[in-house]
Every structure is written in C-alpha cells, then in structure tokens.
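Starting from 1, each residue takes its place in the sequence as its number. As the structure is a computational prediction, the values presented were derived from the model and not from experiment.
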Amino acid sequence: MVKNNLNKSYVYHILISLFLGVFSPYFSRLLGFNELTRLALVYFLINGVYMLYLGLYTRKRGLTPFILVVLPLGFSVLATLLWQAVSTDYGFYFSGLYLILGLFTFFGDTRDDPDEDMIPIEHGFQSDDI
C-alpha cells in the first residue's frame with residue numbers, strides 16, 4: 001500500500017536525493033576531484049548505491065515510487081542543464097541509470113507480495129450451481 005501523507009521519510013529522502021543529485025557534483029568539483037574520480041566515485045558509486053537503497057526502502061516502507069525520480073531529475077535538470085556542473089556528454093545517461101537502478105530494486109524484490117504464493121486458475125472461478 002502506498003502512503004499518501006508526507007512524513008519524515010519523504011522529507012529526509014527528498015533532501016538526501018537533492019543533495020546527492022544537485023550539490024554533490026558541485027561540491028566534488030570544489031574539492032578538486034578530477035573528472036575520472038567524480039565519474040567513478042561520486043556519480044556511479046555513491047549516487048548509484050543510494051538509488052539502489054532508495055528503491056528497496058521505498059518498497060519496504062510503502063512509499064510512493066515517485067520519490068525515485070527526485071535524484072535523476074535534480075541531476076539532469078539542475079546539475080546538468082542549468083548549472084553545467086556535469087558534462088552533458090554523460091549527465092543524462094547517469095540520470096537514466098539512476099532511475100533504472102531505483103526502479104530495479106523497487107520492482108525486483110517480490111518477497112513481500114501477498115499474491116506471490118497464490119495458485120493461478122486457468123478459466124476463472126467456476127461454480128457447480130450452473
């Protein structure tokens with residue numbers, strides 16, 4: 001079930017997603033990381049692992065999956081297009097990767113689905129009263 005109210009989990013994860021998607025490219029450039037380190041460490045490893053975690057957390061806690069688009073949108077629109085903190089050569093590809101990783105873990109773990117153990121019925125429910 002998806003919870004409709006705005007609780008602390010949403011606020012925390014939206015803030016973390018905005019920080020990682022928007023401000024981490026800017027801060028990694030300020031810290032003097034070269035381009036390869038920014039690509040491998042910040043964009044791929046840290047942001048990618050966080051999106052895997054966020055997809056799993058979203059599924060386990062019943063949060064709306066729309067929270068999974070905050071980091072990719074912030075990364076592509078703000079960091080890549082507006083501020084040019086990320087090169088457009090790979091900025092949009094990383095945004096797509098983040099979205100795919102989040103959705104992969106959101107839809108991939110089906111151990112808690114209630115209909116997982118149900119037996120399919122070929123021709124629907126049939127009654128002997130007909």
Side-chain angles (χ1 to χ4, degrees):
M1 298 299 282
V2 175
K3 297 178 185 176
N4 290 329
N5 57 352
L6 185 67
N7 58 21
K8 288 183 183 179
S9 292
Y10 284 111
V11 174
Y12 291 147
H13 288 292
I14 287 172
L15 289 176
I16 292 170
S17 295
L18 284 175
F19 176 76
L20 288 177
V22 176
F23 297 114
S24 67
Y26 179 71
F27 286 130
S28 65
R29 187 170 284 195
L30 279 180
L31 292 173
F33 292 157
N34 62 9
E35 190 170 358
L36 182 61
T37 305
R38 283 195 312 255
L39 280 171
L41 181 68
V42 177
Y43 304 151
F44 189 73
L45 189 65
I46 294 174
N47 290 355
V49 168
Y50 177 72
M51 282 306 294
L52 288 171
Y53 162 75
L54 186 61
L56 185 64
Y57 184 84
T58 302
R59 177 162 182 99
K60 293 292 181 189
R61 300 288 186 217
L63 303 177
T64 181
F66 293 116
I67 197 170
L68 298 175
V69 300
V70 173
L71 189 139
L73 276 178
F75 191 82
S76 64
V77 173
L78 294 175
T80 305
L81 281 179
L82 294 180
W83 294 344
Q84 278 112 24
V86 180
S87 173
T88 56
D89 293 338
Y90 51 80
F92 299 114
Y93 296 114
F94 274 113
S95 297
L97 175 71
Y98 300 150
L99 185 62
I100 289 170
L101 287 175
L103 291 175
F104 175 73
T105 54
F106 180 77
F107 289 117
D109 185 24
T110 59
R111 290 177 287 180
D112 60 346
D113 281 347
D115 60 346
E116 187 72 24
D117 297 325
M118 295 180 84
I119 299 171
I121 299 174
E122 291 286 327
H123 301 288
F125 292 105
Q126 308 226 347
S127 174
D128 294 334
D129 296 336
I130 298 178

Run the numbers on Phe66 and Tyr10 for side chain to side chain contact (heavy atoms under 4.5 Å, CB included), then give the verdict. CA-CA 10 Å; Phe66 293 116; Tyr10 284 111; over 6 Å; no
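- Inter-residue side-chain proximity for Tyr98 and Tyr43 is flagged as met; some heavy-atom pair is nearer than 4.5 Å.
- Every residue meeting the side-chain contact (heavy atoms from CB on, under 4.5 Å) condition with Asn34, not counting sequence neighbours, appears here in chain and number order: Leu36, Thr37.
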Chi angles and distances behind the side chain to side chain contact (heavy atoms under 4.5 Å, CB included) call for Ser24, Phe75: CA-CA 9 Å; Ser24 67; Phe75 191 82; 5.7 Å; no
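- The structure places CD1 of Ile100 at 12.5 Å from OH of Tyr93, a figure rounded to the nearest 0.5 Å.
- Here the straight-line distance linking atom CZ of Arg61 with atom CG of Leu56 works out to 10.0 Å at 0.5 Å rounding.
- Here the side chains of Pro25 and Trp83 are not in contact, with every heavy-atom distance at 4.5 Å or above.
- Linking ILVMFWY residues whenever their side-chain heavy atoms come closer than 4.5 Å, directly or via other members, places Leu41 and Leu20 in the same cluster.
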Determine whether Phe92 and Leu81 satisfy the following criterion, side chain to side chain contact (heavy atoms under 4.5 Å, CB included), listing intermediate values before the conclusion. CA-CA 9 Å; Phe92 299 114; Leu81 281 179; 3.6 Å; yes
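- How far CG of Leu71 is from CG of Leu54: 8.0 Å, rounded to the nearest 0.5 Å.
- Separation of atoms CZ (Phe44) and CG (Leu39) is listed at 10.5 Å; rounding is to 0.5 Å.
- Both Leu18 and Leu82 are assigned to one and the same hydrophobic cluster, defined by single-linkage of ILVMFWY side chains at heavy-atom distances under 4.5 Å.
- Taking the side chain as every heavy atom from C-beta outward, Val42 and Phe33 approach each other to under 4.5 Å.
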Dump the intermediate steps for side chain to side chain contact (heavy atoms under 4.5 Å, CB included) on Leu68 and Phe106, then the final yes or no. CA-CA 9 Å; Leu68 298 175; Phe106 180 77; 3.9 Å; yes
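- Considering CG of Leu103 and CE of Met51, their distance stands at 7.0 Å, rounded to 0.5 Å.
- Between Asn47 and Tyr50, the closest side-chain pair of non-hydrogen atoms is not below 4.5 Å.
- One hydrophobic cluster, built from ILVMFWY side chains closer than 4.5 Å, cannot hold both Tyr12 and Tyr53; they sit in different ones.
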